[in-house]
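Here is how names work: the chains are called A, B, and so on, in the same order as the sequence lines, proteins then strands, and each is numbered from 1. Because the structure is predicted, anything quoted here is derived from the model rather than measured.
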Amino acid sequence: MFSKGRTAVSCLWVSSRKVSKFSKAAQIIVDAQANHPNQAIDQLPEDCIPSSFEEAYQLQAEVATFSGNIIGGFKVGATSQEIMVGKFKSTSPTSQGQICAKNSLFRTNIIFLNHFLVEFMKKIL
Amino acid sequence: VVPESGISFQASQFASASVEAELSVRLKDDLSFTSQYSSEDAKRLIASVIPSIELIDSRYRNPKSKNIYHIISDNGNNKKLLLAQTEFEFSNFDWTQVNAEMIINGNTFMIGSGAKSYQGNLLLAFTWTLRKFVEHKVPLKRFVIL
């Protein structure tokens with residue numbers, strides 16, 4: 001799964017949580033963030049690659065749940081008129097994230113996006 | 001801009017690090033879903049503007065080859081947000097004239113225009129953002145940072 005020769009990821013499953021299609025992917029991302037920060041993931045398993053905005057945000061939410069961070073804010077992409085009026089066509093990260101206050105040396109730590117731009121992103125891509 | 005002078009990071013904590021200058025806004029009050037949020041309404045909701053540095057990283061190898069869904073699931077490739085210890089009152093500055101200067105080892109690496117980054121108007125971008133939160137019924141609490 002990881003580059004640099006890693007082929008597997010150890011995942012800690014919390015049995016009380018509802019299992020979704022993306023639970024496995026969320027575990028992989030959280031594990032990577034926590035334990036292998038300098039090793040990029042080559043690809044998520046085929047059965048849990050997000051293929052829509054709904055799925056991408058669902059995965060993001062799962063990551064949030066697993067990470068256990070507290071939301072302190074949101075990342076917002078509002079840097080161009082094209083984005084703001086809904087004409088943006090590229091796949092740049094015009095996305096919005098949540099800022100987490102936990103585990104932050106610098107008061108905040110943005111760690112994941114939110115559902116809020118789903119409908120908007122559909123219109124512009 | 002960082003809270004503590006001389007703060008440092010280990011490169012080993014990043015898979016593919018990059019840095020961006022940002023302006024963050026702290027809310028003075030909860031977001032109201034019943035407001036239409038004119039620019040004046042939005043201005044009243046600003047507790048402070050905070051110069052910030054975003055540390056960007058990606059969980060994915062070859063991040064530029066990934067689509068928007070990967071980016072969303074990876075928090076927009078964000079790693080951390082560094083907030084200045086000093087927070088500024090919105091009304092005390094002309095934010096259209098604010099520039100960011102990146103300095104590496106004492107040498108200017110890049111200078112960027114805040115005006116260009118926020119469509120020439122931070123308040124315009126902030127107002128748009130609030131309206132989007134209202135539209136999608138996403139609550140924002142006092143002191144939250146955008």
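Only the side chain of B/Asp57 comes within less than 4.5 Å of a heavy atom in chain A; its backbone stays farther off. Contact of B/Leu140 with chain A is made through the side chain alone, with heavy-atom distances under 4.5 Å. Only the backbone of B/Phe14 comes within contact range of chain A, with heavy atoms under 4.5 Å apart.
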Please determine whether side chain to side chain donor-acceptor pair (under 3.5 Å) holds for the pair B/Ser48 and B/Glu87, giving the CA-CA distance in whole Å, both sets of side-chain angles, and the decisive distance to 0.1 Å. CA-CA 6 Å; B/Ser48 60; B/Glu87 303 188 9; 2.5 Å; yes
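Judged by distance alone, the side chain of B/Asp30 and the main-chain N or O of B/Arg142 form a donor-acceptor pair under 3.5 Å.
Evaluation of the ring pair (Phe, Tyr, Trp, His ring centres under 6.0 Å) rule for B/Phe93 yields B/Phe88, B/Trp95 as partners, not counting sequence neighbours. Checked against side-chain contact (heavy atoms from CB on, under 4.5 Å), A/Glu46 has the following partners two or more places apart in sequence or in another chain: A/Ile49.
Between chain B and the options A/Ala25, A/Ala26, A/Ala56, heavy-atom pairs under 4.5 Å are most frequent for A/Ala56.
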